[in-house]
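A, B, ... follow the sequence lines: proteins, then strands. Residue 1 opens every chain. Everything numeric here is computed off the predicted structure, so don't read it as measured data. All values below were derived from every heavy atom in this structure, side-chain atoms included, with hydrogens, water molecules and symmetry-related copies excluded.
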2 protein chains.
Amino acid sequence: MPRSSSGYQPRKTPVQRRSWRTRERIVTGAARVFAEYGYAAGTTDRIAAAAGLSIGSLYQYFPNKDAILVVLAQAHLEQTAEAVEACLSRPRPAREWLPELTSAVIRLHADNPRLHQVLFEEAPRPPQLLARFRQVEQDAVETAAALLRSDPEMHVDQPELAARMVLATIESLTHRFTSRSHHLDTAHLTNQIVTMTTAYLQTCRTPR
Amino acid sequence: MPRSSSGYQPRKTPVQRRSWRTRERIVTGAARVFAEYGYAAGTTDRIAAAAGLSIGSLYQYFPNKDAILVVLAQAHLEQTAEAVEACLSRPRPAREWLPELTSAVIRLHADNPRLHQVLFEEAPRPPQLLARFRQVEQDAVETAAALLRSDPEMHVDQPELAARMVLATIESLTHRFTSRSHHLDTAHLTNQIVTMTTAYLQTCRTPR
DNA sequence: ACCGAAAGCGAGGAATCCCTCGTAGCCTAC
DNA sequence: GTAGGCTACGAGGGATTCCTCGCTTTCGGT
């Protein structure tokens, strides 16, 4: 728990080129430390050491430990939002965007599953982060629902519900099969998730 | 992190009736505290207070904080194993056991989702617990695969893989939709999960 | 009623951990 | 070249947590 002043804003904005690099070193070092030690044992001392930095310098850039975690989490969140945007921005049938989106989500997580687990499950998520999280999720659901509604090959009964289920399935199964070692390679996993969600969507056809 | 002697065995076995009740008070108190405060802030002091007990007495029954958590987690694990056993013990079509199993899993989690989240995601899971976890999972997969193989209404191509996907989907979606408040009531959630997994299984038919 | 053992008590030791603050080095603009 | 701000340092304060240990209270059989 942070004992210091509240807030997660950066303490000072770097002006010299040197300090920009230092900030980057802290963030990437923190990613390594959190992934290896988890949240609780990922101490600020360790993060500073991993960044090749003194503890005092670290606190020139971040007001507290959680602020570093927030930066990491937000980066992942924005990456995800971008991927969703890229897959769902233009209208096209689910047959096209479903495999693409699944593959993108898996790719985003295959990178460093343990870190994501720490960021979004183990660590405490500040309200600010949670709000953005929900927003990205809600946007994705609404966009996907719209695509389903105008899908010429697919007539699902309740697009909102179907979209939520499909997106939840993609993300949940991705988390599950990348975090623990279930020896399911990326290609097979993508295949299985696409099979499952496609089958589901086809079952949700409106009876006519 | 535990500073004390390693191991998670109970420190002493109760002999008087009084102490059996005390042990129970500790476990139920810990469940409340972990659910409310999470793992890190669920201190042994708080647990002792919730159990109406002094900290010293608590350590007469458990060698360290994690040992209490292990008891809670194992209880849930065994409950799950029983539910799986009850649903998959005798051969019958997926049409019958799939809704039953889904409903049972959801019922087990609807109880206290926050506690399960703490037990299996937030808290560190000792190897002993992880081993049992994998064993229960593997048993369930193998049993379900056997059922799928002998299912007269369903001819899935790779029963092992299909069973793993189905079970993973049931558990993952249950966790997801019970932990965060997604205003999906139990009945609808069951329905959706059954729809999804059934649709998946029917897609996995062996071409003949 | 008595006694040995079981159960209960809680102040405090030892170990971390987060973060501050006084000090020292470095860089850029002039 | 030098002044003044920007960056880096790291010992240690303050807070928190897990767990121990010496002592007291309660129980159950005789």
Side-chain angles (χ1 to χ4, degrees), chain A residues 1-27 29-30 33-34 36-70 118 122-124 126, chain B residues 1-27 29-30 33-34 37-70 122-124 126:
Chain A
M1 273 140 273
R3 291 90 147 108
S4 78
S5 57
S6 59
Y8 302 96
Q9 307 312 318
R11 178 151 293 186
K12 101 184 351 178
T13 49
V15 302
Q16 297 181 9
R17 202 183 314 149
R18 169 171 58 141
S19 75
W20 276 109
R21 275 201 282 268
T22 305
R23 215 191 108 95
E24 271 310 296
R25 291 215 319 265
I26 296 175
V27 173
V33 169
F34 281 137
E36 180 170 355
Y37 293 91
Y39 174 76
T43 68
T44 49
D45 282 343
R46 268 199 252 265
I47 294 174
L53 203 67
S54 86
I55 181 65
S57 298
L58 187 152
Y59 278 93
Q60 297 243 332
Y61 294 89
F62 294 94
N64 52 57
K65 175 178 167 175
D66 283 352
I68 310 176
L69 189 134
V70 165
V118 171
E122 187 180 317
Chain B
M1 275 138 273
R3 291 89 148 109
S4 78
S5 56
S6 61
Y8 301 96
Q9 306 314 318
R11 179 150 293 185
K12 100 178 3 172
T13 50
V15 302
Q16 297 181 10
R17 203 181 315 149
R18 170 171 58 143
S19 76
W20 277 108
R21 275 199 285 267
T22 304
R23 215 191 107 94
E24 270 312 294
R25 292 215 317 269
I26 296 176
V27 173
V33 168
F34 282 137
Y37 294 91
Y39 174 75
T43 67
T44 49
D45 282 342
R46 266 200 254 267
I47 294 174
L53 202 69
S54 86
I55 181 65
S57 299
L58 188 151
Y59 278 93
Q60 297 240 332
Y61 294 89
F62 295 94
N64 53 54
K65 176 178 167 177
D66 284 351
I68 311 177
L69 189 136
V70 165
E122 188 179 317

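Contacts of A:A30 classified as side chain to side chain contact (heavy atoms under 4.5 Å, CB included), with partners at least two apart in sequence or in another chain: A:F34, A:I47, A:I68, A:L72. Every residue meeting the side-chain hydrogen bond (donor to acceptor under 3.5 Å, both in side chains) condition with B:S57, not counting sequence neighbours, appears here in chain and number order: B:S54. Taking the side-chain hydrogen bond (donor to acceptor under 3.5 Å, both in side chains) definition, one finds that B:R18 meets it with B:Q16, sequence neighbours left out. With sequence neighbours left out, B:T22 forms a side-chain hydrogen bond (donor to acceptor under 3.5 Å, both in side chains) with no residue at all. In this view, B:T43 and B:D45, B:R46 satisfy the side chain to side chain contact (heavy atoms under 4.5 Å, CB included) rule, not counting sequence neighbours.
A:Y39 carries A:K65 over the face of its six-membered ring, with the cationic atom under 6.0 Å from the centre and within 45° of the normal.
In this structure, A:R21 atom CZ and C:dC27 atom P are separated by 11 Å, rounded to whole Å. The interatomic distance linking B:R23 (CZ) with C:dG8 (C1') rounds to 17 Å, in whole Å. If you measure from atom OH of A:Y61 to atom C1' of D:dC9, you get 12 Å, rounded to the nearest angstrom. Atom P of nucleotide D:dC19 and atom CG of B:D66 are separated by 8 Å, given to the nearest angstrom. Counting to the nearest Å, the P atom of D:dT17 and the CG atom of B:L58 are 15 Å from each other. Rounded to whole Å, atom P of C:dC26 lies 16 Å from atom CD of A:Q60. Between the NZ atom of A:K65 and the C1' atom of D:dT16 there is a distance of 13 Å, given to the nearest Å. Rounded to an integer number of Å, the gap from B:R46 CZ to D:dT16 P is 10 Å.
Which of D:dT17, C:dG8, D:dT7 sits closest to the side chain of B:S57 comes down to C:dG8. Of all nucleotides listed (C:dC9, C:dA7, D:dC19), D:dC19 comes nearest to the side chain of B:N64.
In this structure, B:T44 reaches the D:dC18 phosphate: one of its side-chain N or O atoms is under 4.0 Å from OP1 or OP2. Checking the phosphate oxygens (OP1, OP2) of D:dT20, no side-chain nitrogen or oxygen of B:Y59 falls inside 4.0 Å. Proximity of A:T43 to the phosphate of C:dT16: no side-chain N or O atom is located under 4.0 Å from OP1 or OP2.
Nearest-nucleotide mapping onto DNA chain D: of B:R18 and B:D45, the residue sitting toward the 5' end is B:D45.
A heavy-atom distance below 4.0 Å to DNA chain D is reached by these residues of residues 49-56 of chain B, ordered by number: B:I55.
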Under the criterion side-chain contact (heavy atoms from CB on, under 4.5 Å), I'd like the reasoning laid out for A:V27 against A:F62: C-alpha separation, chi angles, the key distance, then a yes or no. CA-CA 10 Å; A:V27 173; A:F62 294 94; 4.0 Å; yes
